[in-house]
Amino acid sequence: MEETISLKDIYQTIRKRLLIIVFITIVAVAISGVVSYFVLTPVYQSSTQILVNQEKSNKNGPDYNQVQTNVQMVNTYSVIIKSPAILSKVINNLNLNTTVEGLTNKLTINSEQESQVFNVTVQDPDPAMAVKIANNIADTFKDEIPSIMNINNVSVLSKAELKENPSPVKPNPMLNMAIALVVGLMTGVGLAFLLEYLDNTLKTEQDIENFLELPVLGTIPKMTVNEEKDPSYRRKAV
């Protein structure tokens with residue numbers, strides 16, 4: 001015998017287990033909020049921009065071929081910035097208690113498409129330290145790149161600055177709680193249907209009709225006995 005689930009069955013199941021669904025959702029959101037606000041360490045972000053040219057030109061206008069070459073070299077510059085040749089000096093300059101690998105994990109290099117400018121972004125639990133690391137990386141790269149690749153035209157377009165009231169980039173409590181809300185709802189609904197599937201008891205006339213596929217002709221009401229008003233019950237008890 002094939003079983004089909006209608007929208008009415010889904011609605012009745014959700015309605016019957018609504019308290020469980022709401023409880024699981026609230027618990028999931030509450031846990032996410034507590035973890036986001038009180039457990040996870042806030043991480044702050046700071047960025048600086050660097051412009052790199054191969055050499056200073058005495059021409060009145062830019063050389064197109066030179067510009068294209070510089071654009072193609074941006075990926076190479078990104079690798080150089082993340083290399084020990086640069087980061088080890090940054091660690092020594094700032095007396096950082098970390099390794100080159102640890103500092104690399106805090107560092108992101110990206111560039112605009114078809115551009116000679118690339119951004120150096122640093123994330124750190126201390127906003128002031130993120131600014132220092134970003135600026136020191138840019139300065140160290142500017143000092144070291146001439147000896148590494150014979151490039152004599154490096155400019156720092158914008159230095160990282162410490163804002164008055166910096167905001168962490170992660171965690172994002174609102175986003176985490178929104179995700180927890182969706183996950184909690186899905187978990188609650190899934191648990192509701194699981195409990196409904198495992199529950200094979202017959203509780204209502206509708207359950208009997210669905211199970212036997214026969215109409216219910218009548219029901220016997222449940223009667224309660226009030227001992228104070230029923231003397232016969234009292235006599236039987238004696």
Side-chain angles (χ1 to χ4, degrees), residues 1-47 82 97-99 101-113 119-131 133-134 160-216 219 221-222 224:
M1 182 173 59
E2 296 183 357
E3 295 185 0
T4 59
I5 300 178
S6 63
L7 292 177
K8 184 178 180 181
D9 296 332
I10 295 176
Y11 169 75
Q12 290 177 348
T13 300
I14 293 178
R15 183 178 179 183
K16 183 188 300 184
R17 311 288 182 178
L18 185 60
L19 290 178
I20 294 178
I21 297 174
V22 173
F23 176 76
I24 292 177
T25 302
I26 293 176
V27 170
V29 173
I31 292 176
S32 176
V34 170
V35 172
S36 298
Y37 281 107
F38 302 105
V39 177
L40 297 179
T41 302
V43 176
Y44 298 85
Q45 179 174 291
S46 187
S47 301
K82 292 184 177 181
N97 186 21
T98 185
T99 61
E101 291 76 11
L103 185 55
T104 302
N105 294 331
K106 299 180 179 182
L107 185 62
T108 304
I109 310 295
N110 54 63
S111 63
E112 298 293 336
Q113 187 175 6
N119 301 317
V120 178
T121 303
V122 178
Q123 294 185 350
D124 193 85
D126 185 356
M129 183 56 66
V131 172
I133 293 175
E161 296 180 355
L162 181 60
K163 298 180 180 179
E164 184 176 354
N165 295 312
S167 300
V169 294
K170 59 182 181 181
N172 189 336
M174 299 305 298
L175 177 60
N176 293 344
M177 293 172 69
I179 295 175
L181 176 64
V182 175
V183 174
L185 283 173
M186 295 175 61
T187 303
V189 171
L191 181 60
F193 280 97
L194 177 62
L195 294 176
E196 188 69 17
Y197 175 78
L198 297 177
D199 187 5
N200 56 4
T201 59
L202 303 176
K203 298 182 178 66
T204 64
E205 296 88 347
Q206 187 65 38
D207 294 339
I208 297 175
E209 289 184 352
N210 295 336
F211 181 76
L212 299 178
E213 297 184 353
L214 295 173
V216 176
T219 60
K222 181 179 180 180
T224 58

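Given the structure is predicted, the values throughout are model-derived calculations rather than measurements.
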Identify the two heavy atoms, one from Ser47 and one from Thr121, that lie closest to each other, and give their separation to 0.1 Å.
OG-OG1, 3.0 Å
To check you understand the geometry: which heavy-atom pair defines the closest contact between Tyr44 and Pro166, and what is its length?
CE2-O, 3.6 Å
With a 6.0 Å cut-off (strictly less than), is the heavy-atom count around CG of Leu19, excluding the residue itself, greater than 12?
no
Counting N and O atoms only, with roles assigned by atom type, does the side chain of Thr25 sit under 3.5 Å from a partner on the main chain of Ile21, one being a donor and the other an acceptor?
yes
Looking only at heavy atoms, the pair that brings Ala180 and Ala28 closest together is CB-O, 3.5 Å
Do you know which two heavy atoms are closest between Ser36 and Asn176, and how far apart they sit?
OG-ND2, 3.0 Å
Residues Ala130 and Asp124: closest non-hydrogen pair is CB-CB, 3.9 Å
Residues which pass side chain to side chain contact (heavy atoms under 4.5 Å, CB included) with Ile24, listed by chain and number, not counting sequence neighbours
Ile20, Thr187, Leu191
Looking at CZ of Arg17 and CD of Glu196, how far apart are the two atoms once the value is rounded to the nearest 0.5 Å?
5.0 Å
Rounded to the nearest 0.5 Å, how far apart are CD1 of Ile10 and CD of Gln12?
11.0 Å
Looking at residues at least two apart in the chain, or sitting in another chain, which of them share a side chain to side chain contact (heavy atoms under 4.5 Å, CB included) with Val27?
Phe23, Ile31
Atom CD of residue position Glu161 - does it have more than 12 heavy atoms of other residues, nucleotides or ligands inside 6.0 Å?
no
What residues form a side chain to side chain contact (heavy atoms under 4.5 Å, CB included) with Val22, not counting sequence neighbours?
Leu18, Ile26
Measuring from atom CG of Leu40 to atom OG of Ser32, what distance do you get when rounded to the nearest 0.5 angstrom?
8.5 Å
Shortest non-hydrogen contact between Thr41 and Pro125, atoms and distance
CG2-CB, 4.0 Å
Looking at CD1 of Ile109 and NZ of Lys82, how far apart are the two atoms once the value is rounded to the nearest 0.5 Å?
6.0 Å
Could you please spell out the steps behind the side-chain contact (heavy atoms from CB on, under 4.5 Å) verdict for Val43 and Gln45?
CA-CA 7 Å; Val43 176; Gln45 179 174 291; over 6 Å; no
